[in-house]
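Read through the structure below, which is laid out as structure tokens, and then see the notes.
Only a predicted model underlies this, so the values are computations on that prediction, with no experimental measurement involved. Every chain is numbered from 1, with letters handed out A, B, ... down the list of sequences.
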Amino acid sequence: MNAVEIEEAVSELAERPFDPAEFPYQFLAAFGNKDTTIKRLRTGSTNASDLPGGVLQRSNIHIAVAAHGAVTQTLAGLRTSPATAKAKPRFILATDGDGFEAEELESGETVACAYADFPNRFGFFLPLAGITTVKQVRESSFDIRATSRLNRLYVELLKDNPDWGTADRRPDMNHFMARLIFCFFAEDTDIFNGEGLFTATIEQMSARDSSNTHEVIGELFRAMNTPIAQRAIAKLPRWADVFPYVNGGLFSGSPAVPRFSRIARSYLLHIGGLDWRKINPDIFGSMIQAVADDDERGALGMHYTSVPNILKVLNPLFLDDLRARLEEAGDNSRMLLNLRRRMARIRVFDPACGSGNFLVIAYKEMRAIEAEINKRRGEADRASEIPLTNFRGIELRDFPAEVARLALIIAEYQADVLYRGQKLALAEFLPLNKENWITCGNALRLDWLSICPPTGTGVKHHADDLFHTPLDQPQIDFENEGGETYICGNPPYLGNTWQTVEQKADIRSVVNGRTSSAGFLDYVAGWFIKAADYIANAGGAASFVSTNSICQGQSVPILWPILYSAGCDILFAYTSFKWANLASYNAGVTVAVVGIGAPRNALRRLYEHREDGHVVLREGASITPYLTVGARVIVEKSNNPISALGIMEFGNKPSDGGHLLLSRDELNAIGLTNAQRDRFIRCIYGSQDFINGGLRFCIWIEDKNLDEAQQIPALHERIEAVRALRLASPDKGARTILAKRPHQLKLMRIGSSHAIVVPSVSSERRPYLPAGIVDAHTTLTNLAFALYDAPLWNLALIASRLHLVWITTVCGQLETRIRYSNTLGWNTFPVPTLTEKNKADLTRCAEDILLAREAHFPATIADLYDPDDMPADLRDAHERNDEVLERIYIGRHFRNDTERLEKLFELYTKMTAGAGSAKKRKVGAA
DNA sequence: CATCCGACATCGT
DNA sequence: ACGATGTCGGATG
């Protein structure tokens with residue numbers, strides 16, 4: 001169950017009459033426990049409670065229903081109960097149907113409220129449903145409830161008004177929902193004249209059978225679209241006339257209201273009953289966008305960015321600097337004033353704004369800073385000088401664009417209440433500003449300069465000064481009206497395989513000929529390039545949360561030369577971390593945060609995500625496009641080794657739907673003679689098979705043996721199955737060429753004595769690459785690379801620490817897995833010229849490694865290279881190998897991986913300088 | 001024709 | 001449900 005489903009179940013439970021005997025089970029059921037789990041608790045077999053009527057689910061919760069008025073005592077009893085001590089539940093809970101008290105034992109955090117209100121605190125218990133509680137979840141109970149209710153209303157309305165669900169009318173529907181949300185918020189915050197006025201009016205004035213609900217709402221909306229001066233001729237009913245003029249675009253446009261069924265009407269009244277003061281515009285906004293999105297409704301908020309991750313973008317982009325300036329200014333009135341003036345001219349632009357949560361967070365953080373300035377200057381009541389119109393966005397989908405605008409309005413009101421008080425906040429709130437700062441459209445096709453224009457005369461104040469103005473010139477006057485622009489956001493990521501035809505065309509139009517390989521770029525790259533182009537014209541800086549692959553492998557030599565030649569450099573970055581937010585089902589992607597802008601003197605900041613979850617800040621003069629500290633280097637893929645190394649080939653791609661591959665059982669089942677096996681069967685390894693010691697076989701028929709093979713029914717059958725599959729493939733090559741030789745893998749490479757094997761994907765936790773050798777009877781799938789019949793010293797190189805460092809840096813990755821590549825990693829690996837003696841030494845080292853492995857037969861490669869449990873003799877063999885190889889590089893052991901990488905990049909640059917193609921490898925002036 | 005990638009895919013616990 | 005860790009075949013130039 002996701003949070004919304006739990007909320008529904010919990011709300012429903014609270015509305016039912018209280019049943020003391022059933023409550024504990026109903027409560028557990030509402031949090032997603034299965035029937036069988038509950039049955040076992042009922043029969044007592046898993047119920048560890050020692051209290052009468054108590055229910056204790058081990059390591060989860062101890063619940064007891066209290067005698068009337070005895071909730072507090074019962075909770076105390078739960079706290080001290082021996083069973084609680086023994087079964088270590090996370091929560092204890094007591095209720096009598098009137099009062100409700102609960103405690104999380106480890107933190108001591110408690111909830112005490114009326115029974116009917118406990119659904120408002122359901123976020124507290126979400127760990128029961130296995131939903132990891134970041135602190136934020138607890139604080140967003142309201143947002144989840146509101147989202148869930150609106151979701152139900154939305155679906156119900158579409159059911160009653162099918163025409164509103166068509167592509168044409170969806171914007172109307174979405175606009176209608178935005179108006180409703182505004183009204184719910186306004187009626188609970190005194191923006192409307194009387195608490196709950198909107199909901200109450202609808203309840204009173206619309207018939208119970210719901211027949212005229214839409215007319216009543218229509219009149220209210222009409223009132224909010226009618227300036228007070230025109231009210232007389234508008235002939236509004238008296239009950240509508242008491243509503244203020246709101247507009248600002250929100251109530252203009254189509255006045256239509258969908259028809260309400262009785263159910264829809266009751267949902268509406270129900271939603272109005274929530275306390276909308278508690279709304280968090282950032283969180284709510286990100287959840288609500290799922291309401292109007294058929295695809296996202298199930299996944300609920302899978303793609304919205306959590307607040308901590310938004311701050312990874314905004315803090316280093318400009319907020320850290322503003323705070324540093326505030327600190328610097330102390331109580332110096334003039335410096336504070338300058339900072340305030342500067343902030344009033346800062347524009348924040350999110351060209352993939354969704355429901356606007358980056359903009360809302362940026363706005364709130366800036367208001368906090370401004371409030372501190374005003375406090376220090378003794379002007380606490382002062383109206384904000386930060387215009388909402390400086391927060392701009394582009395959003396493709398209609399509904400989120402509506403919500404983004406609303407979220408900003410709500411954020412402004414809440415900030416005014418917080419810093420200036422309710423009275424002043426109200427006085428200036430209505431009518432809403434008419435300007436719409438959120439553009440609905442395709443960000444890669446729109447002109448960013450016209451959406452977020454660099455107004456005013458000059459934009460001379462650019463990135464150089466932003467972070468580190470020397471202390472002695474704090475009184476810079478920000479005369480340029482242009483101010484600073486910061487571009488931020490979390491644009492969509494889509495690898496080339498997943499892009500639609502339109503999206504591919506979008507990317508190409510942005511790239512506009514600057515690379516011939518635009519087809520390989522991720523969709524998100526479009527935002528980086530547009531941002532770089534914007535910055536080239538208008539200054540500023542940009543930072544996005546992005547799939548980490550734009551800083552890996554083949555993307556680097558395609559994307560980064562474009563960004564560099566547009567005049568940008570990496571100013572800061574967060575290295576890869578796994579995408580996560582509060583959604584119960586997270587998108588499966590690993591992201592990085594990358595900030596770009598015009599080069600400046602200040603140190604670059606690299607925030608490294610370590611394996612233990614800590615973030616370590618490293619500073620340096622420059623950050624590489626691979627997100628390491630160091631001089632800019634771009635590694636181009638190469639079709640043959642730049643050093644004198646063996647030739648590494650891609651494995652044999654089956655493209656067979658599994659028909660040419662056999663497990664041991666399948667092989668036995670087709671019953672070949674030994675001679676036939678010898679002729680038609682080979683062992684085959686992919687990454688998995690090689691690392692974990694699986695054994696698979698493949699049908700291996702050389703053309704000269706085809707007739708004989710066809711005589712064997714089992715082989716014939718499989719060959720025909722492959723033919724059919726290849727003929728049906730969307731890939732032209734598969735249909736035309738491969739289908740003509742269905743008895744074979746796409747390639748038929750095999751060693752005549754042995755082959756050195758490198759798995760193409762493998763875990764990043766191992767201390768060395770899990771490479772090795774296979775015999776002449778074994779071949780490889782496309783999930784492994786091979787050096788057929790190559791001298792063993794090649795293996796010594798592959799198995800070295802140096803090579804691992806190189807590969808993990810310059811090759812692509814699968815999330816953070818190691819993804820080997822011959823063209824990007826092996827062919828580019830810089831190795832000094834090896835003497836015969838060197839090769840003999842390295843061969844010896846490789847043999848020792850293989851012997852050490854053999855001593856542990858039948859341990860698999862995965863066993864042998866377990867990062868926590870690697871055998872000492874194998875480790876020693878690798879140490880010696882590293883020692884021998886590193887002496888060849890620099891005459892001694894490297895001190896650490898940083899030094900290794902530095903040396904490798906240096907050598908690579910030297911070896912590729914001026915060689916072959918004119919393509920620049922060291923780009924621009926670092 | 002060779003190969004790099006995946007807002008992933010699939011396993012085991 | 002979550003952590004660990006690698007399949008498979010399309011799209012590309």
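The side chain of A/Arg819 places no N or O atom within less than 4.0 Å of a non-bridging phosphate oxygen (OP1 or OP2) of C/dT7. Using a 4.0 Å cut-off, some side-chain N or O of A/Ser729 falls inside it from OP1 or OP2 of C/dG10. Residue A/Ser687 places no side-chain N or O under 4.0 Å from the OP1 or OP2 atom of C/dT5.
Spacing between atom CG of A/Leu780 and atom P of C/dG6 amounts to 16 Å, rounded to whole angstrom units.
The separation of B/dA7 from C/dG13, taken at their C1' atoms, amounts to 26 Å, rounded to a whole angstrom.
Relative to the side chain of A/Lys637, the nucleotides B/dC4, C/dG9, C/dT5 differ in distance, and B/dC4 lies closest. Side-chain atoms of A/Ser517 lie closest to C/dG13 of the nucleotides C/dG13, B/dT3, B/dG6. Side-chain proximity of A/Thr823 to the nucleotides B/dT3, C/dC8, B/dC8 is greatest for B/dT3. The side chain of A/Lys653 lies closest to C/dG10, out of C/dA4, C/dG13, C/dG10.
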Next on the checklist: The test is salt bridge (charged side-chain N to carboxylate O under 4.0 Å, His left out); show your working for A/Glu764 and A/Arg766 and say whether it passes.
Outcome noted: CA-CA 6 Å; A/Glu764 69 275 29; A/Arg766 300 192 180 103; over 6 Å; no

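Evaluation of the side chain to side chain contact (heavy atoms under 4.5 Å, CB included) rule for A/Asn442 yields A/Leu396, A/Leu444, A/Arg445, A/Asp506, A/Tyr523 as partners, not counting sequence neighbours.
A salt bridge is defined here as a Lys NZ or Arg NE, NH1 or NH2 lying under 4.0 Å from an Asp or Glu carboxylate O, and A/Asp656 with A/Arg718 fails to meet this definition.
Within the nucleic acid shown, A/Ser516 comes within 4.0 Å of sugar-phosphate atoms alone, with no base atom in reach, counting heavy atoms only.
Where A/Leu783 and A/Asn496 each meet DNA chain C at their nearest nucleotide, the meeting point lying more 5' is that of A/Leu783.
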